[in-house]
Chemist: 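Questions regarding the structure given below will be posed in turn.
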2 protein chains.
Amino acid sequence: MADINFAAEQTSPVGAAAAPADPAEPAYDLIELMFFAYRAFTGDADGMLARYGFGRAHHRALHFVARHPGITVAELLDILKITKQSLGRVLRELVETGYVVQREGHADRRQRLLYLTDKGAKLAAEVAQVQTGRLMRALADSGETRESACRLFNGILDPDQRREVETLIARGDGNRRDRHK
Amino acid sequence: MADINFAAEQTSPVGAAAAPADPAEPAYDLIELMFFAYRAFTGDADGMLARYGFGRAHHRALHFVARHPGITVAELLDILKITKQSLGRVLRELVETGYVVQREGHADRRQRLLYLTDKGAKLAAEVAQVQTGRLMRALADSGETRESACRLFNGILDPDQRREVETLIARGDGNRRDRHK
DNA sequence: AATTTATGTCAGCCATATTGACTTATTCCG
DNA sequence: CGGAATAAGTCAATATGGCTGACATAAATT
């Protein structure tokens, strides 16, 4: 009780508002907006997947299999940065319920290549569509461009991860069946 | 096996690259950048707190107590959107290890007002500083302004949450002891 | 005095993650 | 060919952070 931090009571009388450009000043606005924004963002997927008895882990697996049809278990582990055991349970459930199928690798028959079933592709697309709606609305309401948003998010990554993530996203885009024009 | 989704193999021969302005097109770039960026962002706090035997839940409590000294348990629950039982465990550990103290409410003696100890304030500040560093580097590297980043994150929130979050952040800023100018 | 509110707590459950050890099938390599 | 390495799967135990439901206490409100 002797060492309570009386921050609130010790404020100086002169209150300056937002935007402290001082680099030593904690960017509480950005920190907290990140937290609340991400919670809202993942809430979309959480709610939709819960209706099928799945959790966040299932969604992540579903999403990246949707984006990289034929991905191997090892590659998926590398993206998600979880253990084989954790992914194993989730993947087994997705296979048992008919959202994902595994096929033997062509070149390397030890591999289990992952694909979505039609049912899985439909669910993944529905979730992606809702998330896209939220992000597009955010762009419209904020007046930001998609390019600037991408640059900002990319900048938040560790510098040595940026190239890797860019490549991954580009690779996913290359797997699209619905490319037009 | 009959209903595998052969998305990858069914692509049309004409591949258009990035930036589809089509609103019906899933914004996979933004969706995945959100995921990777948030993981990197929380990784900072996770790593630092783990050295003290704490997890992500402890960090969140610590952070919001730092920002709102004298906050009540009910208010903290409202911010974090978790149950009393979940917060209770985390809070007890933070109190037992001397990072948080509870004082009886002045007006309402049922309340337990939460404050950080000096030790707690130091840890919270250290984490906030590292997160701020990441976000400031993101702004610098992306060429975006802090204002545009805030607008974008705010836009990701549910529209009816935006005012509430803005108010919360402003209230936290009002509790700063280190306001200058 | 009765009710409501703020907080805390007990007990149990679930989801997601971890580590470590081990198996099986297959490929790679000397 | 045969041994080592690799891809995947599995068993068992553990930790964390959520949850529900039920209940207790003290203080405020009516």
Side-chain angles (χ1 to χ4, degrees), chain A residues 35 38-39 42-43 45-65 70-97 100-115, chain B residues 35 38-39 42-43 45-65 70-97 100-115:
Chain A
F35 171 66
Y38 192 74
R39 184 166 72 183
T42 55
D46 289 349
M48 299 179 70
L49 272 285
R51 295 203 294 268
Y52 298 83
F54 295 136
R56 201 171 286 191
H58 300 87
H59 173 234
R60 293 200 277 251
L62 198 71
H63 173 92
F64 285 105
V65 174
I71 191 174
T72 66
V73 171
E75 287 167 339
L76 190 49
L77 286 174
D78 191 53
I79 291 172
L80 298 177
K81 310 281 188 216
I82 58 176
T83 58
K84 191 173 41 165
Q85 294 86 331
S86 295
L87 180 59
R89 176 182 38 81
V90 162
L91 224 39
R92 177 167 29 78
E93 289 166 356
L94 287 170
V95 169
E96 280 171 359
T97 50
V100 167
V101 288
Q102 296 167 299
R103 317 189 77 209
E104 200 171 67
H106 33 282
D108 187 336
R109 287 169 42 223
R110 290 172 303 182
Q111 297 176 336
R112 295 291 173 269
L113 308 187
L114 304 171
Y115 297 88
Chain B
F35 171 66
Y38 193 74
R39 184 167 70 184
T42 55
D46 289 350
M48 297 178 71
L49 272 286
R51 295 203 293 268
Y52 297 83
F54 294 136
R56 199 170 287 191
H58 299 87
H59 173 233
R60 293 202 276 251
L62 198 71
H63 174 92
F64 286 104
V65 174
I71 191 174
T72 66
V73 172
E75 288 167 339
L76 190 49
L77 285 175
D78 191 54
I79 292 172
L80 298 177
K81 310 280 188 218
I82 59 175
T83 59
K84 189 172 45 165
Q85 294 88 329
S86 296
L87 180 59
R89 179 174 32 77
V90 162
L91 226 37
R92 178 168 29 79
E93 289 166 358
L94 287 170
V95 169
E96 280 171 358
T97 50
V100 167
V101 288
Q102 296 167 300
R103 318 189 76 208
E104 200 169 70
H106 33 284
D108 187 336
R109 286 170 43 225
R110 289 173 305 182
Q111 296 176 335
R112 295 290 172 271
L113 309 186
L114 304 171
Y115 297 89

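Residue numbers start from 1 in every chain, and the chains themselves are labelled A, B, ... in the order their sequence lines are given, proteins ahead of strands.
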Chemist: Could you walk me through whether A:Thr97 and A:Phe54 satisfy the side chain to side chain contact (heavy atoms under 4.5 Å, CB included) test, starting with their C-alpha distance in whole Å, then the side-chain angles of each, then the deciding distance to 0.1 Å, before giving a yes or no?
Modeler: CA-CA 10 Å; A:Thr97 50; A:Phe54 295 136; 3.4 Å; yes

Chemist: Would you mind reading off the distance between A:Asp46 atom CG and D:dG17 atom C1', rounded to a whole angstrom?
Modeler: 14 Å

Chemist: Could you go through B:Leu114 and B:Leu91, starting from their C-alpha distance and side-chain angles, then the distance that decides it, and tell me whether this counts as side chain to side chain contact (heavy atoms under 4.5 Å, CB included)?
Modeler: CA-CA 9 Å; B:Leu114 304 171; B:Leu91 226 37; 3.9 Å; yes

Chemist: In terms of the angle between their ring planes, are A:Tyr38 and B:Tyr38 parallel, tilted or perpendicular, with boundaries placed at 30° and 60°?
Modeler: parallel

Chemist: Is any side-chain nitrogen or oxygen of A:His58 closer than 4.0 Å to OP1 or OP2 of C:dT16?
Modeler: yes

Chemist: If I take atom OH from residue B:Tyr52 and atom NE2 from residue B:His58, how far apart are they, to the nearest 0.5 angstrom?
Modeler: 14.5 Å

Chemist: Among residues 80-92 of chain B, which ones have heavy-atom contacts with DNA chain C below 4.0 Å?
Modeler: B:Lys84, B:Gln85

Chemist: Would you check if the side chain of A:Ser86 reaches a backbone N or O of A:Ile82 as a donor-acceptor pair within less than 3.5 Å?
Modeler: no

Chemist: Atom CG of A:Leu113 and atom CD of A:Glu75: how far apart are they, to the nearest 0.5 Å?
Modeler: 8.5 Å

Chemist: Quick one: pull up CD in B:Glu104 and CD in B:Gln102 and give me the separation to the nearest 0.5 Å.
Modeler: 11.5 Å

Chemist: Heavy atoms under 4.0 Å is the rule here; annotate nucleotides 24-30 of chain C 5' to 3' with B where the base is hit, S where only the sugar-phosphate is, and - elsewhere.
Modeler: -BBS---

Chemist: Tell me: CD of A:Glu93 to P of C:dA17, nearest whole Å?
Modeler: 11 Å

Chemist: Is there a side chain to side chain contact (heavy atoms under 4.5 Å, CB included) between A:Val95 and A:Val101 once you walk through the steps?
Modeler: CA-CA 6 Å; A:Val95 169; A:Val101 288; over 6 Å; no

